[in-house]
2 protein chains.
Amino acid sequence: MTDTEDQQERKRGTGARFVYDTLRDEILNLVLQPGEPIDEIGLAERLSMSRTPIREALVRLAGDGLVTLLPNRSTVVSQIDFPNLHHFFDALTLMYRVTTRLAAQFHDAGDLQAIRARQAIFAEAVIAGDTAGMIQLNRDFHVAIAEAGRNPYYLQLFSRLLDEGRRILRLYYYPSFEPALPHPYIQEHEAIIAAVAARDVDTCDRLAKEHADKIVRQIQDVMARDLRQNIEI
Amino acid sequence: MTDTEDQQERKRGTGARFVYDTLRDEILNLVLQPGEPIDEIGLAERLSMSRTPIREALVRLAGDGLVTLLPNRSTVVSQIDFPNLHHFFDALTLMYRVTTRLAAQFHDAGDLQAIRARQAIFAEAVIAGDTAGMIQLNRDFHVAIAEAGRNPYYLQLFSRLLDEGRRILRLYYYPSFEPALPHPYIQEHEAIIAAVAARDVDTCDRLAKEHADKIVRQIQDVMARDLRQNIEI
DNA sequence: TGTATTTAGTTTGTCGACAAGATTTTAATA
DNA sequence: TATTAAAATCTTGTCGACAAACTAAATACA
C-alpha cells in the first residue's frame with residue numbers, strides 16, 4: 001500500500017489519528033529507528049496533509065514517550081535507555097503481576113472470551129513462526145487481561161511498557177528455540193487463563209511473575225551475548 | 001496578575017507550555033470544574049495568542065487525562081470517576097509503596113537534601129493551616145521521593161495519580177482535626193525520611209502503606225459523610 | 001401544545017503563509 | 001590549512017482564514 005492512496009476523502013477529524021497510528025506503528029516496528037529525526041514537512045508530503053495534524057500526532061506521541069520534541073529543533077524517535085533497563089523490567093514485572101491479579105478478581109464472561117480470542121491468534125503466530133506477530137500479539141493478550149482487571153491507571157502504564165518492550169524485543173529477541181509444540185509461552189498463557197477463570201489471585205500472581213521473569217531473563221541473556229560479541233570484535 | 005500582562009514579548013516556543021501550565025494549574029485547583037467545557041477561541045483571547053498553541057496544550061492535557069477531547073465537539077475538563085475510585089486508591093497505594101522502597105535503594109545525598117527541603121516547606125504550610133498548599137506540597141514531597149527512586153515509569157504514573165488526588169482532596173478533604181503540633185502527617189513524613197536514609201526497604205514499604213491507607217481512609221470517611229448528608233436531604 | 005424540520009450561528013479541524021531560531025554553506029582571516 | 005564570521009537555507013512555532021461538523025433557534029406541521 002502506497003501512502004498516496006490514503007490521501008483523498010478521509011473524514012474530517014481522522015487526520016491526526018491516522019498520522020498517530022501510522023507513526024506509532026512505524027516506531028514500534030523499528031521502521032523508524034530510535035534517534036531518527038522526524039521531519040514535519042516530509043511527513044506532511046508523504047501522508048499528503050498539512051503540518052497541523054502531523055504536529056498534533058507528534059505531541060501525542062511525545063506524551064507516550066515514543067518521540068522527543070526538541071524545542072525549535074527537529075523531533076526525534078525516542079532512544080531506548082539501555083543503562084536503565086532494569087527499571088523498565090522492574091515496572092514491567094510489577095504490572096504483569098497486578099494486572100493479572102486484578103483480572104482474577106474483576107473479570108466477567110466477556111473478558112474471558114476476549115482473552116481466549118487473543119490467545120488463539122497468538123498461538124497461530126507461534127505455529128506460523130511469525131516472530132514480529134508473536135511480539136505484538138503477546139502484547140495484545142496481556143492488554144486483554146489488564147482490561148479485565150478494570151484499572152485504567154495500570155492499563156495505561158502496562159500498555160506503554162509493553163509497547164516499549166516491543167521495540168526492545170525486536171532488537172534483542174530472536175527465536176532461540178525450535179518451533180516445537182506445545183510452545184512454552186502458549187502453555188504459560190493457558191495456565192494464566194485457567195487461574196484467572198478460577199479467580200485464583202495467588203496463582204495468577206505467581207504465574208505472572210514467572211512469565212515476566214522468563215521474558216526478562218531471555219532478553220538479558222541475548223543482550224549479554226550481544227555485548228560479549230561486541231567486546232570480542 | 002491579569003492575563004493581559006503576559007501577552008507581550010513571550011519567547012518563541014513557550015506559548016504552548018504557558019497554556020499547558022496555566023490550564024493544568026486551574027484544573028488541579030478546581031478553578032476549572034470537572035465537566036466544564038473549554039472554549040479554544042475564548043482561551044485564545046484570554047491568553048492573547050492564536051488557537052494553535054492552545055490546541056497543542058489541550059492535546060497534551062488530554063494525554064495526561066486532565067481534559068477529554070470530544071471529536072468535533074467541545075473539549076471538557078475530565079470528570080472524576082467516582083464509582084471506580086477504589087481503582088485509583090489501589091494504584092495510589094501501590095505507587096506510594098514502590099516509589100518509597102526504590103528511594104531507599106537508589107537515593108543519594110542530593111536526593112535526601114531535596115526531600116528534606118520539600119518536607120520543610122510542607123511543614124510550613126501545615127503550621128500556617130494552608131490546606132490547599134498542604135495538598136500540593138504533600139504531592140511535591142512524595143514526587144521528590146519517587147525521583148530518588150529513579151524509575152521514570154513509576155514516577156510518571158505516581159505524579160499523575162497525585163495530581164488526580166489533588167482534585168479529589170480539594171473536593172473532599174477539609175481539615176478534620178485541629179492545627180495541633182506535632183501534626184501526624186509531619187511525623188509520618190519524618191519517619192519515612194529516616195527509613196529512606198537508613199536504606200530500610202521493609203520499613204519504607206510499611207510506612208508508605210500506612211501513610212497511603214490513612215489518606216485513603218480519610219477521603220473515604222469524608223465521602224461517606226457527604227453521601228449520608230445527601231441522602232438526608 | 002408538542003414534535004419534526006429547516007435555518008442560522010458556533011466551534012472545531014485543517015490549511016497555507018510567515019517569521020524566529022537553528023543548521024549548513026560560503027567567505028574571510030590568521 | 002585551520003578557525004572564525006557572515007550569508008544562505010532550512011525547520012519549527014505561531015498566525016489568520018476557511019470549511020466541515022455540531023448546536024441552537026426558528027419555523028412548519030400534526
Side-chain angles (χ1 to χ4, degrees), chain A residues 3-24 26-27 32-33 35-64 66-79, chain B residues 3-24 26-27 32-33 35-64 66-79:
Chain A
D3 294 318
T4 45
E5 287 171 18
D6 310 310
Q7 85 190 71
Q8 265 123 29
E9 299 297 327
R10 217 191 339 273
K11 256 180 227 156
R12 174 190 160 85
T14 60
R17 163 136 222 124
F18 176 74
V19 179
Y20 175 82
D21 289 339
T22 303
L23 278 181
R24 196 183 121 89
E26 291 184 358
I27 292 170
L32 296 173
Q33 297 267 330
E36 190 171 335
I38 297 177
D39 172 36
E40 291 181 11
I41 297 173
L43 251 180
E45 284 170 9
R46 184 155 77 88
L47 304 181
S48 48
M49 58 180 70
S50 95
R51 276 177 53 227
T52 306
I54 305 282
R55 203 129 220 293
E56 179 174 331
L58 289 177
V59 170
R60 288 179 56 196
L61 288 166
D64 297 342
L66 291 178
V67 305
T68 306
L69 295 166
L70 306 169
N72 280 322
R73 244 166 302 142
S74 71
T75 301
V76 297
V77 178
S78 293
Q79 296 280 0
Chain B
D3 294 319
T4 44
E5 286 172 19
D6 310 312
Q7 84 190 71
Q8 264 123 29
E9 300 297 326
R10 213 187 347 269
K11 254 180 227 156
R12 174 192 162 84
T14 60
R17 163 139 222 120
F18 177 74
V19 179
Y20 175 83
D21 290 338
T22 303
L23 280 181
R24 196 183 120 90
E26 292 185 358
I27 291 170
L32 296 173
Q33 296 268 330
E36 191 172 334
I38 297 176
D39 173 35
E40 291 180 12
I41 296 173
L43 250 179
E45 283 170 10
R46 184 156 75 90
L47 304 181
S48 48
M49 57 181 70
S50 93
R51 278 176 52 225
T52 307
I54 306 280
R55 203 128 222 293
E56 179 173 330
L58 290 178
V59 170
R60 287 179 57 196
L61 288 166
D64 297 341
L66 291 177
V67 305
T68 306
L69 296 165
L70 305 170
N72 283 321
R73 243 168 303 145
S74 71
T75 301
V76 298
V77 179
S78 293
Q79 296 280 0

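Values below: every heavy atom of this structure, side chains too, minus hydrogens, waters and symmetry copies. Every chain is numbered from 1, with letters handed out A, B, ... down the list of sequences.
- Partners of B:D39 by salt bridge (Lys or Arg N to Asp or Glu O under 4.0 Å), not counting sequence neighbours: none found.
- Under the rule for a side chain to side chain contact (heavy atoms under 4.5 Å, CB included), the partners of B:T68 that lie at least two apart in sequence or sit in another chain are B:L70, B:V76, B:S78.
- Taking atom CG on B:L47 and atom P on D:dC15, their separation rounds to 11 Å, with Å as the unit.
- As rounded to whole Å, 13 Å separates atom P of C:dT14 from atom CZ of A:F18.
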Q.
Would B:L23 and B:L43 count as a side chain to side chain contact (heavy atoms under 4.5 Å, CB included) here? Give the steps.
A. CA-CA 10 Å; B:L23 280 181; B:L43 250 179; 3.7 Å; yes
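- Note on B:S50: a side-chain N or O is less than 4.0 Å away from OP1 or OP2 of D:dC15.
- Contacts of A:R60 classified as salt bridge (Lys or Arg N to Asp or Glu O under 4.0 Å), with partners at least two apart in sequence or in another chain: none.
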Q. What string of B, S and - do you get for nucleotides 7-12 of chain D 5' to 3' if you count protein non-hydrogen atoms under 4.0 Å?
A. ----SB
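- Spacing between atom CG of B:L43 and atom P of C:dT11 amounts to 12 Å, rounded to whole angstrom units.
- Contacts of B:E40 classified as salt bridge (Lys or Arg N to Asp or Glu O under 4.0 Å), with partners at least two apart in sequence or in another chain: B:R51, B:R55.
- In this structure, B:L58 atom CG and C:dT11 atom P are separated by 14 Å, rounded to whole Å.
- Rounded to an integer number of Å, the gap from A:M49 CE to C:dG16 P is 12 Å.
- The interatomic distance linking A:Y20 (OH) with C:dT14 (C1') rounds to 21 Å, in whole Å.
- With sequence neighbours excluded, the residues that form a side chain to side chain contact (heavy atoms under 4.5 Å, CB included) with A:E45 are A:I41.
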